[in-house]
Amino acid sequence: MRASLECGQVFGWRKQGDGYAGVLNARKVFVRQRGSWLEFEGVSAKKLVHYFSLSPEDSLERVYSEILVDDYVRQAVNEFKGLRILRQEPWECIVSFLCSQNSNIPRIEKMLYGMRKSFGAPLEDGFYSFPTPAQLCKATEKQLKQIGLGYRAKYVKEFAEHVARRPAYLKELEKLSYEKAREQLMKHSGIGPKVADCACLYCLKKLEAFPIDAWIKKVLEKKYGRKGGYAALSAFARKRFGRFAGYAQQYLYAFARANPHSLT
DNA sequence: AGCCAGGTTGCGG
DNA sequence: CCGCAACATGGC
């Protein structure tokens, strides 16, 4: 659970005692792992299983059997065994990765918390729901900048307005193929190949998506001898790791960050 | 102080 | 098609 919640795919969870606290379905949720069991409050078992990809159809063994094609991934999976790709709520997830660009994780968390606090609804213990598209539409660009979004403020506002006008938009995206969903996403200002791939992988459940950030780029260069633009690198990775390439990406990212020396 | 951060855009070549 | 600066800001 630690691996899944602290690997940079989601930004809203906080360590609390021996577990994690976050917000799901506009309610404060607490989760704690006891061996192979999960104890939880504030959320249904069904929702939790879905969110953490715990059902038999989401078996990690099946994923591992396809992505373990070389020693470097094997090493990464070994160190982060159990890490799962979550099924985040698309609206919040896409806004999160709009904010992630050219920034760092502590700061991204700060931006998202700021938006929750200023425009979401207060819950218990200083937690806030993530603002709905309508709620975030009320934010001015200036207010968003004050929260620390910088030039991303405009992107977030435009996206909020788009989704508020078309409530079914995100549901429609989920139904599309990886390629089509990605193409649609990239029509939005502020969403390029990387953010679109993050959205596809982390909330639209397109497990072949392989987001390439600065770390993964280094991995592909140093460990796989690959250079080139985004499209070429992405094609290489998806061909190499197959339909669960996104999982390979997630393990490689976690491993590279934890072991930067492995890239020298 | 200066570089980097889970990048994208708009430009010139 | 590619390379490159600008973008706002905070972490380190």
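Every chain is numbered from 1, with letters handed out A, B, ... down the list of sequences. From a predicted model like this one, the values you see are computed outputs, not experimental measurements.
For A/Tyr251, the side-chain hydrogen bond (donor to acceptor under 3.5 Å, both in side chains) test picks out A/Tyr64, with sequence neighbours left out. For A/Arg165, there are no side-chain hydrogen bond (donor to acceptor under 3.5 Å, both in side chains) partners at least two apart in sequence or on another chain. Residues passing the side-chain hydrogen bond (donor to acceptor under 3.5 Å, both in side chains) test with A/Arg226: none are found, sequence neighbours excluded. Every residue two or more places apart in sequence or in another chain was checked for a side-chain hydrogen bond (donor to acceptor under 3.5 Å, both in side chains) with A/Arg107, and none qualifies.
Atom pair A/Lys194:NZ and B/dA5:P shows a separation of 12 Å (rounding to whole Å applied). Note: CZ (A/Phe97) to P (B/dT8) measures 12 Å, nearest angstrom.
Heavy-atom distances under 4.0 Å link DNA chain C to no residue of residues 215-246 of chain A.
Sorted by first and then second residue, the pairs that involve residues 182-194 of chain A and meet side-chain hydrogen bond (donor to acceptor under 3.5 Å, both in side chains), not counting sequence neighbours, are A/Tyr169-A/His188, A/Tyr178-A/Arg182, A/Arg182-A/Asp197. Applying the salt bridge (Lys or Arg N to Asp or Glu O under 4.0 Å) test to pairs two or more places apart or on separate chains, those with a residue in residues 69-86 of chain A are A/Asp70-A/Arg240, A/Asp71-A/Arg74.
Checked by atom type and distance alone, the side chain of A/Ser262 pairs as donor or acceptor with a backbone atom of A/Asn259 at under 3.5 Å.
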Atom pairs under 3.5 Å, N or O on each side, protein against nucleotides 9-13 of chain B: can you list them with distances?
| unit_1 | atom_1 | unit_2 | atom_2 | d |
| --- | --- | --- | --- | --- |
| B/dT9 | OP1 | A/Gly190 | N | 3.0 |

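The residue A/Tyr202 sits close to a base: some heavy atom pair falls under 4.0 Å. Residue A/Glu109 is out of contact with every strand shown, counting any heavy-atom pair closer than 4.0 Å.
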Original post:
When you check every protein heavy atom under 4.0 Å of nucleotides 5-12 of chain C, what one-letter string (B, S, -) results, 5' to 3'?
Top reply: --BBBBS-

When the side chains of residues 200-212 of chain A are checked against the rest of the protein, which donor-acceptor pairs come out under 3.5 Å, sequence neighbours left out?
| unit_1 | atom_1 | unit_2 | atom_2 | d |
| --- | --- | --- | --- | --- |
| A/Tyr202 | OH | A/Gln250 | NE2 | 2.6 |
| A/Lys205 | NZ | A/Ser53 | OG | 2.9 |
| A/Lys205 | NZ | A/Ile85 | O | 3.3 |
| A/Lys206 | NZ | A/Glu174 | O | 3.2 |
| A/Lys206 | NZ | A/Leu176 | O | 2.5 |

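Clustering of Ile, Leu, Val, Met, Phe, Trp and Tyr side chains at separations under 4.5 Å places A/Tyr113 together with A/Tyr128. Through chains of ILVMFWY side-chain contacts below 4.5 Å, A/Met1 is grouped with A/Leu5, A/Val10, A/Trp13, A/Tyr20, A/Leu24, A/Val29, A/Val31, A/Leu38, A/Phe40, A/Val43, A/Leu48, A/Val49, A/Tyr51, A/Phe52, A/Leu54, A/Leu86.
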